[in-house]
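What's counted below: heavy atoms across the whole structure, side chains too, no hydrogens, waters or symmetry copies.
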Amino acid sequence: MSTHTTRTTPSTHVLVVGAGFAGGMAAVRLAGRSRGRVRVTVVNPRPTFVNRLRLHQVATGQHVPAPDIGRMLGTDVAFVEGWVTALDPDAGRATISGPDGVRTLGFDRVVLATGSTTEPVPVPGGEHAHGVADLTAAQRLRSAFADLPAGADVAVVGGGFTGLETVGELAGSRPDLRVRLVTSGAATGWFGPRAAAHVSASLDGLGIESVEGSRVRSVEPDRLLQDDGAEVPSDLTVWCGGFAAPPLAREAGLAVDPAGAVLTDGALQSVSHPQVLAVGDAGHTVAPHGGRYSMSCQFAFPSGAHAADVLAAEALGTVPDGGPAPLDLGFQGRCVSIGGRAAVLQVTDRDDVATDRALTGRAAVVAKRFQVRGVVAAIGVARRVPGAIRWPGSDRAAAAVAAPVAG
């Protein structure tokens, strides 16, 4: 493969905004693979890691470990606690507000790994609904959920993976409540036949009533009003609708999609500001099949790793003549828990479409537990053994940083 040498220096500074699945992976892999030619700084609002795969467990009062981010990233990555309140990609400058006040930080390249949160409730009365997509929302829900008296009604709106895992956890932890899943489609509509049957049986086993086929028209303190005229009792409503990116990218003038995610090319570079890379939920990257890569940790880790490889190639002078290699990611499956004792591992094709194959029972529960507990370990592995993290399709892009470098 022919390469060209890019003009970088050992003092190239990469700012990573966000230390979740994608940001943490990008930071440790870049620090480890750039052979000392890149200085990496991570900015994150809190000093501890938030495992988003377990926020529905936070909401039910379970203990979820929160590792120290500085220790997780290691000594080769600088960590700054604070919010990036303003970003000027053209000037290479970020404004950070943190415990020690406001400061300005310069950078040469920036990786946006700001994640996502539940989009604003799009119907009247949204202020009555709780969310579970970020730590603050999950903690607020935990308090409200714990205060419910026996026999109260709970409604979880949204039949996606977040809705399914949330409704299962709520019902499983408090069988004294009446819990309903409210969705405009079928709660099992995405799954293949075997997995769908298992999800339905698991919901039934937890006493969860599925209210399907109509949309929520408005949220009231004690009920949901549906667009077909029906009413759903609800003393506590949890909204698990679509996801939206934080406003930082839009406010910085980057090209974004309607949900605020940065529009990128295949190499995860912003189409309007190539000095910016966006990973995980913060980026809207077109997959080979033409649609957006699905938002999930299955995309977050590889996208963070690939962004690190793109930047390492720049620093090492091994960028291919045709430009940075595009991300090539093949999905394999989705593991979804329904309460603490049931789960399903739905096998997918590489485009994240469900197949007729699925794993259920104890094996699926173990697989889910391994997944939710393995995310922090994966970042630790990437820190100790740079390049160890692989994914389906990674071999086709690995040559971008594999070529020997003189000097």
Side-chain angles (χ1 to χ4, degrees), residues 53-62 64 118 121 123 125-133 137-191 195-228 230-242 335-344 360 364-365 368 372:
L53 294 180
R54 302 188 68 180
L55 287 178
H56 56 290
Q57 295 176 330
V58 171
T60 58
Q62 299 178 51
V64 176
T118 303
V121 178
V123 299
E127 67 273 12
H128 301 303
H130 287 265
V132 73
Q139 291 171 334
R140 226 172 11 239
L141 173 58
R142 178 177 62 195
S143 297
F145 183 66
D147 289 342
L148 287 174
D153 292 291
V154 176
V156 175
V157 181
F161 303 135
T162 301
L164 285 170
E165 295 200 328
T166 299
V167 78
E169 205 69 48
L170 296 179
S173 65
R174 292 222 26 205
D176 60 318
L177 302 176
R178 293 188 293 267
V179 181
R180 296 175 178 86
L181 178 63
V182 182
T183 174
S184 59
T188 60
W190 177 83
F191 296 93
H198 184 72
V199 171
S200 292
S202 299
L203 293 174
D204 291 343
L206 289 169
I208 298 168
E209 177 187 346
S210 293
V211 181
E212 302 178 344
S214 67
R215 294 182 179 276
V216 175
R217 177 164 54 86
S218 66
V219 180
E220 297 191 355
D222 60 351
R223 60 180 177 170
L224 305 177
L225 301 182
Q226 303 293 95
D227 62 4
D228 61 1
E231 296 184 4
V232 179
S234 181
D235 300 302
L236 178 69
T237 297
V238 185
W239 196 275
C240 299
C335 201
V336 181
S337 63
I338 311 294
R341 298 182 179 180
V344 59
T360 61
V365 172
K368 183 62 180 180
V372 299

*Take E165 and I338, measure what side-chain contact (heavy atoms from CB on, under 4.5 Å) needs, and give me the verdict at the end.*
CA-CA 5 Å; E165 295 200 328; I338 311 294; 5.8 Å; no
*For E220 and L225, what are the C-alpha separation, side-chain angles and deciding distance, and is it a side-chain contact (heavy atoms from CB on, under 4.5 Å)?*
CA-CA 8 Å; E220 297 191 355; L225 301 182; 3.4 Å; yes
*Does the side-chain contact (heavy atoms from CB on, under 4.5 Å) test come out yes or no for V167 and V179, once each step is laid out?*
CA-CA 7 Å; V167 78; V179 181; 3.5 Å; yes
*Can you check side-chain contact (heavy atoms from CB on, under 4.5 Å) on V365 and R341, steps first, answer last?*
CA-CA 7 Å; V365 172; R341 298 182 179 180; 5.8 Å; no
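V121 is linked by a side-chain contact (heavy atoms from CB on, under 4.5 Å) to V123, A129, W239, counting only residues two or more places apart in sequence or in another chain. Scanning for salt bridge (charged side-chain N to carboxylate O under 4.0 Å, His left out) contacts around D235 gives an empty result, with sequence neighbours left out. Here R54 pairs with Q57 under the side-chain hydrogen bond (donor to acceptor under 3.5 Å, both in side chains) rule; sequence neighbours left out. With sequence neighbours excluded, no residue satisfies salt bridge (charged side-chain N to carboxylate O under 4.0 Å, His left out) with R142. A search for side-chain hydrogen bond (donor to acceptor under 3.5 Å, both in side chains) contacts involving E169 returns Q62, not counting sequence neighbours.
Contact detail for R174 and A150: the closest heavy-atom pair is NH2-N, 3.9 Å. C335 approaches K368 most closely through the heavy-atom pair O-NZ, 3.1 Å. Contact between G241 and T118 at its shortest, heavy atoms only, is N-CG2, 4.0 Å. Of all the heavy atoms in L236 and S234, the pair that sits closest is O-OG, 3.0 Å. Taking every heavy atom of both residues into account, S173 and T60 meet most closely at OG-CG2, 3.5 Å. Nearest heavy atoms, G172 versus L206: CA-CD2, 3.9 Å.
Atom CZ of R180 sits about 14.0 Å away from atom CG of L170, to the nearest 0.5 Å. S218 contributes atom OG, which lies 9.0 Å from atom CD of E231 (distance to the nearest 0.5 angstrom). Atoms CG and CZ, on D228 and R217 in that order, are 9.5 Å from each other to the nearest 0.5 Å. To the nearest 0.5 Å, atom CG of residue D153 and atom CD of residue E209 are 9.5 Å apart.
In this structure, the side chains of L164 and L203 come closer than 4.5 Å at one or more pairs of heavy atoms. At a threshold of 4.5 Å between non-hydrogen side-chain atoms, the residues V216 and Q226 count as touching. Between L148 and V154 the shortest side-chain heavy-atom distance falls below 4.5 Å.
At least one donor-acceptor pair closer than 3.5 Å links the side chain of H198 to the backbone N or O of A343.
Counting non-hydrogen atoms of other residues, nucleotides and ligands closer than 6.0 Å to CZ of R215 gives a total of 12 or fewer.
Annotation: ring pair (Phe, Tyr, Trp, His ring centres under 6.0 Å) contacts involving residues 160-190, sequence neighbours excluded, comprise F161-W190.
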